[in-house]
Asks: 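One structure, as structure tokens, below. Some questions next.
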Amino acid sequence: MAVIAIAGTLVHRGAWIGQSSGLTSYEGLAAQIDAAVSDNAIRGIALEIDSFGGEVAGAFDLADRIRAARAKKPVHAFLAEHALSAGYALASQADRITLPRTGAAGSIGVITMHTDMSGMLAQKGVAVTLIHAGAQKADGNPYAALPEGIRDRLQAELEDLRILFAETVAAGRGAKLGKDAALATEAGVFRGSAAVEAGLAEAVTDPRAAFRVFADSLSRPVLPVGRTPPRRTLSPTYPTQDMIMTDQTDEDARMPDQQAAARGAAATPKQPAASTAQQAAAEPSAPGAAPAAAPSDADAIRAEAAEVASICAQAAKLGVALDAADAVRRGVSPDALRGQILDSLAAESDASGILASAPAPTNKPSPLVAAARKSADSAQR
């Protein structure tokens with residue numbers, strides 16, 4: 001997992017900026033996100049956010065980049081207290097947002113400031129003369145009062161940016177927080193459960209616990225479920241065994257069950273299972289034994305054997321060796337076999353598969369990074 005910290009005041013550019021400055025650049029965040037997306041070892045991206053906002057320039061471009069990244073890998077935002085203004089513009093592009101009880105989200109608005117220093121300078125006997133070419137070149141300068149016409153024009157520009165902000169949030173949140181609902185917040189700040197009720201977040205929970213759940217969801221195996229075609233679902237809820245992504249190829253889906261069974265059995269070094277008819281002929285019937293399966297059951301038996309063989313083949317790709325022939329012989333159901341694979345993988349520590357990184361080391365690491373390192377250390381022991 002890639003853990004990317006979005007903290008402090010957000011600025012457009014600043015490759016020279018250090019973490020101790022209290023500033024984070026969109027430029028640096030974009031580089032980290034691109035690296036996480038392109039790295040095949042990274043299965044998910046965690047955004048650790050604690051920011052009151054920052055510059056407009058570059059914010060919406062980075063938001064678009066995060067939204068594009070989540071189409072390839074799960075992206076979850078964990079609020080380490082605040083995601084306001086530009087900070088929320090970035091958080092809103094994640095698949096899921098969680099915040100602590102005292103955490104705050106929102107401030108979907110834009111602000112600028114004009115300072116009129118003319119009176120102070122006049123008291124000190126200082127006169128400022130602006131020489132400029134272009135009627136609007138000196139608009140909004142701090143050495144004169146702000147004319148009403150210029151104020152109205154600046155106000156209109158801010159309204160346009162606010163609408164762009166709301167549209168960006170709606171693109172990330174979808175039906176959970178549309179454009180009109182985002183505008184209706186009037187740049188308000190929502191804390192804890194109020195943020196969830198307003199549609200700005202999914203849940204109020206401890207960031208470490210939410211991070212652990214996200215990490216566990218990424219460690220679950222990719223297994224075929226039934227005979228459905230390949231799919232990837234980015235759900236706001238964490239996957240259960242029934243929601244595990246399928247890794248079945250189109251070729252598998254098109255193959256007859258008998259061919260799929262043969263392919264799955266060939267993936268293991270064990271001997272293929274004898275057919276049901278051969279087993280019945282080889283083993284004498286015990287007194288009182290149930291009669292052989294009716295011809296109408298043969299198709300169901302073959303289909304289940306094919307599914308078992310396919311599951312075993314997929315398990316081999318995950319490093320779990322299973323004997324398809326033995327599973328068929330013992331009558332292990334596909335669901336039970338999936339459970340065995342999940343248990344086997346769960347027995348191995350998934351902490352070694354978590355890569356936690358922040359932009360730069362600090363004296364006090366973030367809670368999510370500390371939790372990931374602690375899990376990794378425990379696994380190595």
Side-chain angles (χ1 to χ4, degrees), residues 6 8-14 23-27 29-30 49 51-68 77 82-94 97 104-122 127-191 194-195 197-201:
I6 302 176
T9 301
L10 306 177
V11 296
H12 186 198
R13 291 188 174 183
L23 304 178
T24 300
S25 71
Y26 301 133
E27 181 182 47
L29 292 173
I49 304 177
S51 172
F52 287 92
E55 286 186 308
V56 169
F60 300 131
D61 290 338
L62 180 59
D64 292 343
R65 193 182 296 253
I66 295 173
R67 189 169 65 255
H82 302 96
L84 303 178
S85 198
Y88 186 74
L90 303 183
S92 66
Q93 306 308 300
I97 302 174
S107 189
I108 304 174
V110 188
I111 188 172
T112 190
M113 180 178 67
H114 175 266
T115 302
D116 182 0
M117 301 173 60
S118 59
M120 180 188 71
L121 295 175
V128 177
T129 301
L130 297 176
I131 303 172
H132 57 89
Q136 300 180 29
K137 188 65 177 179
D139 285 358
N141 75 83
Y143 308 113
L146 187 65
E148 194 67 25
I150 296 177
R151 177 188 177 91
D152 292 342
R153 192 179 77 239
L154 292 176
Q155 182 66 52
E157 291 178 2
L158 294 187
E159 286 298 333
D160 290 341
L161 288 172
R162 176 173 173 248
I163 291 174
L164 177 59
F165 193 164
E167 290 173 344
T168 301
V169 169
R173 298 293 290 164
K176 293 174 286 189
L177 186 64
K179 172 186 171 181
D180 292 341
L183 291 173
T185 65
E186 291 294 343
V189 174
F190 299 81
R191 194 174 297 278
E197 293 175 4
L200 276 75

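Just so it is clear, the values below take in all heavy atoms, side chains as well, and ignore hydrogens, waters and symmetry mates.
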Asks: Only pairs under 3.5 Å count here: list side-chain donor-acceptor contacts from residues 57-66, not counting sequence neighbours, and write none if there are none.
Replies:
{"residue": "Asp64", "atom": "OD1", "partner": "Arg67", "partner atom": "NH1", "Å": "3.3"}
{"residue": "Asp64", "atom": "OD1", "partner": "Arg67", "partner atom": "NH2", "Å": "3.0"}
{"residue": "Arg65", "atom": "NH1", "partner": "Asp34", "partner atom": "OD1", "Å": "3.2"}
{"residue": "Arg65", "atom": "NH1", "partner": "Asp34", "partner atom": "OD2", "Å": "2.6"}

Asks: If a pair satisfies ring pair (Phe, Tyr, Trp, His ring centres under 6.0 Å) and one of its residues is in residues 130-152, list it, with sequence neighbours excluded.
Replies: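 Of all non-adjacent pairs touching residues 130-152, none passes ring pair (Phe, Tyr, Trp, His ring centres under 6.0 Å).
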
Asks: Show me the donor-acceptor pairs, under 3.5 Å and distance only, between side chains in residues 109-119 and residues at least two apart or in other chains.
Replies:
{"residue": "His114", "atom": "NE2", "partner": "Asn141", "partner atom": "O", "Å": "2.9"}
{"residue": "Asp116", "atom": "OD1", "partner": "Ser118", "partner atom": "N", "Å": "3.0"}
{"residue": "Asp116", "atom": "OD1", "partner": "Ser118", "partner atom": "OG", "Å": "2.6"}

Asks: Once salt bridge (charged side-chain N to carboxylate O under 4.0 Å, His left out) is applied, what residue pairs with a partner in residues 129-139 remain, sequence neighbours excluded?
Replies: Asp139-Arg153

Asks: Calculate, to the nearest 0.5 Å, the distance between atoms CG and OH belonging to Leu29 and Tyr26 respectively.
Replies: 9.0 Å

Asks: Give the minimum heavy-atom separation between Arg173 and Ile97, together with the two atoms involved.
Replies: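 What the structure gives for the nearest pair is NH1-CD1, 3.6 Å.
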
Asks: Check Ala195 against Ala105 and note the closest heavy-atom contact, atom names and distance.
Replies: CB-CB, 4.4 Å

Asks: What distance separates Ile163 CD1 from Leu158 CG, expressed to the nearest 0.5 Å?
Replies: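 Going from the CD1 atom of Ile163 to the CG atom of Leu158 covers 11.5 Å.
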
Asks: Where do Tyr88 and Leu177 come nearest, in terms of heavy atoms and distance?
Replies: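 The answer is OH-CD2, 3.9 Å.
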
Asks: Which residues pass the salt bridge (Lys or Arg N to Asp or Glu O under 4.0 Å) test with Glu167, sequence neighbours left out?
Replies: Lys179

Asks: Listed by chain and number, what are the side chain to side chain contact (heavy atoms under 4.5 Å, CB included) partners of Ser51, not counting sequence neighbours?
Replies: Leu10

Asks: Donor-acceptor pairs under 3.5 Å, side chain of residues 181-191 to any protein atom, not counting sequence neighbours: which ones?
Replies:
{"residue": "Thr185", "atom": "OG1", "partner": "Ala182", "partner atom": "O", "Å": "2.6"}
{"residue": "Glu186", "atom": "OE1", "partner": "Arg162", "partner atom": "NH2", "Å": "3.4"}
{"residue": "Arg191", "atom": "NH1", "partner": "Thr102", "partner atom": "O", "Å": "2.5"}

Asks: Work out which heavy atom in Leu200 is nearest to a heavy atom in Gly106; give both atom names and the distance.
Replies: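 Answer, listing the atom of Leu200 first, then Gly106: CD2-CA, 3.3 Å.
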
Asks: Minimum heavy-atom separation for Ser85 and Gly53, please, with both atom names.
Replies: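 The answer is CB-CA, 4.1 Å.
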
Asks: Can you list everything that forms a side chain to side chain contact (heavy atoms under 4.5 Å, CB included) with Glu148? Sequence neighbours excluded, please.
Replies: Arg151, Asp152

Asks: Check whether any side-chain N or O of Gln93 sits under 3.5 Å from a backbone N or O of Thr168 as a donor-acceptor pair, and report yes or no.
Replies: yes

Asks: State, with a plain yes or no, whether a side-chain heavy atom of Val169 is found less than 4.5 Å away from one of Phe165.
Replies: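 SC-SC contact between Val169 and Phe165 confirmed.
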
